[in-house]
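One structure below.
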Amino acid sequence: MTATKKTVISGKTTCPYCGVGCGVNLTIPDSVNQDVPPVSGDMDHPANFGRLCVKGSSLAQTIKFDDRLLAPMLTGQVVSWESAIETVSSKISQVVKDHGPDAFAFYLSGQILTEDYYVANKLAKGFIGTANVDTNSRLCMASAVVGYKRAFGSDTVPCNYEDLERCDLLIMVGSNAAWTHPILYQRIATAKKQRPDMKVVVIDPRETATCDIADLHLAIKPGSDAAIFSFLLSDSVQADIVDHDFIAKHTNGFETALMQARASTPNLSYTADFCGIGEQDLVRLVGWWRDTAKTITFYSQGVNQSSSGVDKCNAIINCHLATGRIGKEGAGPFSITGQPNAMGGREVGGLANQLAAHMDFATPGSQDLVQRFWQAPNMATENGLKAVDLFQAIEEGKVKVVWIMSTNPMVSLPDTAQVRRALEKCELVIVSDCKAHTDTTAMADVLFPATGWSEKDGTVTNSERRISRQRGLLPAPGKAKHDWWAICEVAKKMGFQSAFSYQSVHEIFAEHAALSAFENNGKRDFDIGHFSQITKAEYDALTPVQWPVPKGRPEGTQRMFENGRFFTPDGRARFVAITPSLPKHQASLEWPFTLNTGRVRDQWHTMTRTGDAASLAKHTAQPYVEIHPQDARQLGIKDKALVRLTSLYGEVLLKAKLSRAVAPSQVFVPIHWTQQFASAAVVSNLIPQVVDPLSGQPESKHAQVRLEAVEDICYGMIVSATPLSLADCLYWCRVPSEQGFHYEVVWPKGQTQASLKAMGAGQSMVTAAVKKTEWLEYSNPITQQIRVARLVDQTLTLLMYLHPQPESLMADWLISQLTINTALSASDRLAILVGIPANVEEKGEIVCSCYQVGSKQIKKAIATGICSVEALGDTLKCGTNCGSCLPELKRFIPVVAELSA
Ligand code: SF4
């Protein structure tokens with residue numbers, strides 16, 4: 001390995017995954033210098049101080065072009081940008097002329113950059129004249145936005161990440177931060193280790209990895225969270241811990257909210273029963289709440305994705321206002337965003353019920369102000385359609401052109417059958433994406449090739465209001481272009497040249513900053529006027545900063561509301577009277593199981609990026625449903641067996657994962673798998689289009705389902721040097737791999753032989769004429785196992801294992817055999833058929849993705865006497881890089897100790 005220090009490209013950027021917004025150093029070495037790690041954490045970034053989780057650490061693996069969309073496409077044919085833009089702009093102009101501006105809509109994403117968002121919002125709301133600009137952030141934190149606005153008069157996150165480290169009580173509600181916001185979680189875990197008296201409470205129906213640091217886990221009845229905070233409010237009065245001075249000087253509506261809280265949660269016993277938790281557990285939380293001034297409530301999708309998500313947010317905020325635990329170090333209601341730039345979208349007004357720069361249509365004078373600033377000819381005058389309503393309007397034919405950008409609504413919106421009907425009916429579906437094949441690009445009439453992470457250039461804002469640069473360090477491949485460029489080209493073609501003739505992305509940021517400061521004078525929270533004259537050089541050198549950054553305050557603002565002044569007309573925060581309610585659909589005889597959804601540790605959203613990193617697929621290779629063992633026993637479902645989940649809206653097929661982490665009668669399914677990766681695993685198929693009436697956010701964490709074991713089937717694993725068509729499988733899952741193609745399959749019994757023959761014959765016909773093809777076969781009539789290998793010119797090209805029960809095979813080793821170019825020896829041939837090589841250690845399921853350490857290795861090490869996570873790290877290196885696996889490693893130690901006892 002050479003020590004040459006020459007590199008081609010290097011610079012600081014920001015991770016494109018979660019709302020933590022970690023700083024990343026990206027270094028692309030030249031071909032000589034392979035010893036520079038391509039991705040590392042930015043030591044100077046205040047979100048992560050050099051750390052990255054496993055997803056961030058694997059970013060370099062995702063810089064590949066296998067499935068990139070590299071040219072504009074019109075109905076499946078490559079066309080020039082000019083032609084694509086002409087088609088799109090003329091169609092938008094035509095439908096607007098014939099049917100009005102609301103016949104057009106944008107559906108955007110928390111993945112795009114603030115500058116992309118800004119020009120889309122400006123085009124739609126100021127120049128086309130529609131507020132139909134919604135985003136997948138609607139599915140993530142729309143309830144938090146409305147909750148903040150109701151309470152503060154503005155969409156203001158009051159806290160920062162340091163507050164999480166400095167609080168004495170952290171209540172984490174509806175958040176599995178250990179997996180969804182790993183670096184933030186690790187900062188919290190470190191703080192707790194340093195100050196063991198710091199209390200952590202997790203409120204979640206499921207026992208997640210986050211519970212690893214919890215002093216108390218309240219496994220509440222799904223959706224009952226608001227009752228806990230309603231009770232805390234009334235108890236705060238009872239215990240006389242309210243801040244009377246703060247309430248009198250800085251708030252309105254306390255008495256009404258208190259009355260409602262007392263009426264809806266009259267006592268502790270009622271509340272515990274409503275939430276399905278033990279009274280003693282609630283007593284512990286109440287005691288800590290009473291005694292701890294420095295309290296943060298940290299909440300995420302488990303709160304927001306609910307038919308009463310906004311009320312839940314306000315129930316939380318009420319408690320902080322009543323006790324004056326806001327605007328102070330280590331205190332406040334802290335909503336954590338899921339996506340890297342959900343906050344940036346909020347800032348520009350990229351939601352259908354926002355206008356621009358944190359202004360809305362309802363505030364007198366706002367519309368006029370924005371119109372004058374933009375010199376907009378066709379200003380929208382009222383809220384547009386929120387995501388679920390938008391796709392219903394598309395199906396009804398009211399919206400005729402939709403431009404979807406960087407998101408996958410065919411997977412993420414509830415009731416995907418409805419979304420399909422809508423997109424099939426829509427006159428023109430435009431999709432901008434960097435990927436050629438997603439469930440949504442499959443529905444597009446026009447495809448715009450977009451730049452992706454490491455090429456995109458602009459800004460993002462993380463969960464603590466910190467604006468960072470995502471830098472375009474690599475050149476755009478093929479004909480890919482930035483989203484802001486495509487929007488501006490369409491706008492110019494529609495006749496809006498002067499308003500969209502930006503020469504550089506920094507000009508868009510400067511205009512966005514100038515709008516935020518325009519006639520603001522401290523009236524609006526979002527003010528980044530300091531940047532309104534920013535030059536290209538300053539923009540390129542921009543360092544992370546928390547807004548507001550008004551003129552004269554370049555250092556930004558660490559914490560909000562320190563002066564007790566809010567952004568309501570009278571400057572006072574508002575209490576909101578809340579009645580806790582449960583999810584709209586409840587269990588019935590027909591639909592007895594309550595479905596919960598969420599994320600796995602190593603995947604992000606619909607896998608369009610993380611699915612490219614083979615190492616990330618090792619932790620959780622297949623989609624699954626988590627079922628309590630008691631339910632599984634009653635239904636005859638075995639671990640890893642195929643299960644059918646059905647709701648009123650659709651069905652999915654998943655492998656069973658038996659676990660006591662879910663309560664009986666509840667199941668959990670991850671959100672990530674799409675039709676690109678599995679035959680029938682899109683969990684949104686099961687989710688009804690129930691939304692919060694105020695925020696429009698879907699209740700995506702809740703559906704009622706039934707389960708059944710799928711019987712008379714045969715399980716299989718296939719590794720192949722070439723992609724396979726598995727259309728006749730009952731179930732297939734493509735597991736990302738770097739060395740070939742790995743599929744997990746299930747066939748109906750009886751169909752297996754015919755399918756195998758068809759697959760083998762089809763393959764061999766191609767090669768037989770020119771190469772020598774051999775088939776190795778083993779079958780056992782007693783165990784019903786069948787194993788088949790195909791060798792072409794003595795090298796392995798295809799392996800198929802079939803068995804009546806789900807089995808774990810050494811998939812990694814088998815796949816690695818595809819790349820061995822030398823002729824296979826007799827012992828290699830035998831090992832391939834047996835599936836277990838001699839002299840290769842079986843790892844078991846991968847726990848540590850960074851060092852690819854598996855469960856069997858960990859158990860073996862513990863059996864030798866290792867009894868701490870640190871010692872495991874010393875021996876196997878597991879847990880010593882990103883730390884994402886630490887909660888799982890901890891769990892191994894008692895398990896193995898018990899086994900050996
Ligand atoms: S915590 Fe992980 S996924 Fe989130 S921003 Fe940081 S590195 Fe990226």
Side-chain angles (χ1 to χ4, degrees), residues 12-26 37-63 109-111 113 137 140-141 160-161 164-165 172 175-191 208-210 298 300-301 334-344 452-454 456 459-471 544 598-613 615-616 619-620 670-672 848-850 879 881-887:
K12 287 176 190 276
T13 184
T14 310
C15 175
Y17 296 129
C18 82
V20 180
C22 296
V24 172
N25 298 314
L26 178 66
V39 164
S40 60
D42 178 359
M43 301 297 289
D44 300 326
H45 199 291
N48 56 316
F49 298 108
R51 300 202 76 168
L52 293 176
C53 77
V54 64
K55 293 184 283 277
S57 306
S58 308
L59 271 166
Q61 289 179 51
T62 69
I63 303 175
S109 163
Q111 308 291 310
L113 308 185
S137 299
C140 164
M141 49 71 223
N160 61 53
Y161 294 167
L164 294 168
E165 295 165 324
M172 304 177 84
S175 162
N176 180 15
W179 284 14
T180 59
H181 299 86
I183 294 301
L184 212 42
Y185 172 82
Q186 286 175 27
R187 285 180 64 164
I188 295 164
T190 304
T208 65
T210 301
F298 175 108
S300 191
Q301 268 83 317
F334 198 169
S335 151
I336 301 296
T337 51
Q339 298 194 81
N341 199 31
M343 290 285 275
W453 179 82
S454 73
K456 283 175 87 67
T459 53
V460 289
T461 308
N462 73 3
S463 293
E464 60 166 355
R465 292 174 284 102
R466 191 177 297 281
I467 298 170
S468 299
R469 286 280 275 111
Q470 213 184 84
R471 290 187 170 85
R599 292 176 179 167
V600 301
R601 195 191 73 188
D602 292 2
Q603 294 297 341
W604 172 254
H605 276 198
T606 60
M607 295 168 68
T608 48
R609 189 160 200 108
T610 45
D612 284 339
S615 65
L616 294 180
H619 181 253
T620 307
I671 61 169
H672 310 285
C848 170
S849 296
C850 296
N881 184 37
C882 76
S884 295
C885 62
L886 289 172

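Only a predicted model underlies this, so the values are computations on that prediction, with no experimental measurement involved. Note: hydrogens, waters and symmetry copies are ignored here, and every other heavy atom, side chains too, is used. When a ligand or atom number is given, it counts from 1 through the structure's own listing order.
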Hey, are Gln470 and Thr14 close enough side-chain-wise for a donor-acceptor pair under 3.5 Å?
no

Is the closest side-chain donor-acceptor distance between Ser175 and His181 under 3.5 Å?
no

Of all the atoms in Cys53, is at least one N, O or S atom closer to atom 8 (Fe) of ligand 1 than 2.8 Å?
no

Considering the heavy atoms of [X], write down every atom of ligand 1 situated less than 4.0 Å from one of them.
{"X": "Gly21", "result": "5 (S)"}
{"X": "Cys15", "result": "3 (S), 5 (S), 7 (S), 8 (Fe)"}
{"X": "Leu52", "result": "7 (S)"}
{"X": "Tyr17", "result": "3 (S)"}

Of the listed options (Ile183, Leu59, Asn48), which comes nearest to atom 1 (S) of ligand 1 when hydrogens are ignored and any heavy atom counts?
Ile183

Identify the residue among Leu59, Val39, Thr62, Leu26 that makes a side chain to side chain contact (heavy atoms under 4.5 Å, CB included) with Ser454.
Leu26

Quick one: pull up CE in Met343 and CZ in Arg466 and give me the separation to the nearest 0.5 Å.
11.5 Å

Can you classify the ring geometry of Tyr17 versus Trp604 as parallel (below 30°), tilted (30 to 60°) or perpendicular (above 60°)?
tilted

Protein contact of atom 6 (Fe) of ligand 1 - nearest heavy atom, named by residue and atom, plus distance
Cys22 SG, 2.3 Å

Can you pull out the closest protein heavy atom to atom 4 (Fe) of ligand 1? Residue, atom name and distance to 0.1 Å, please.
Cys18 SG, 2.3 Å

So, the side chain of His672 versus the backbone of His605: is there a donor-acceptor pair under 3.5 Å, distance only?
yes

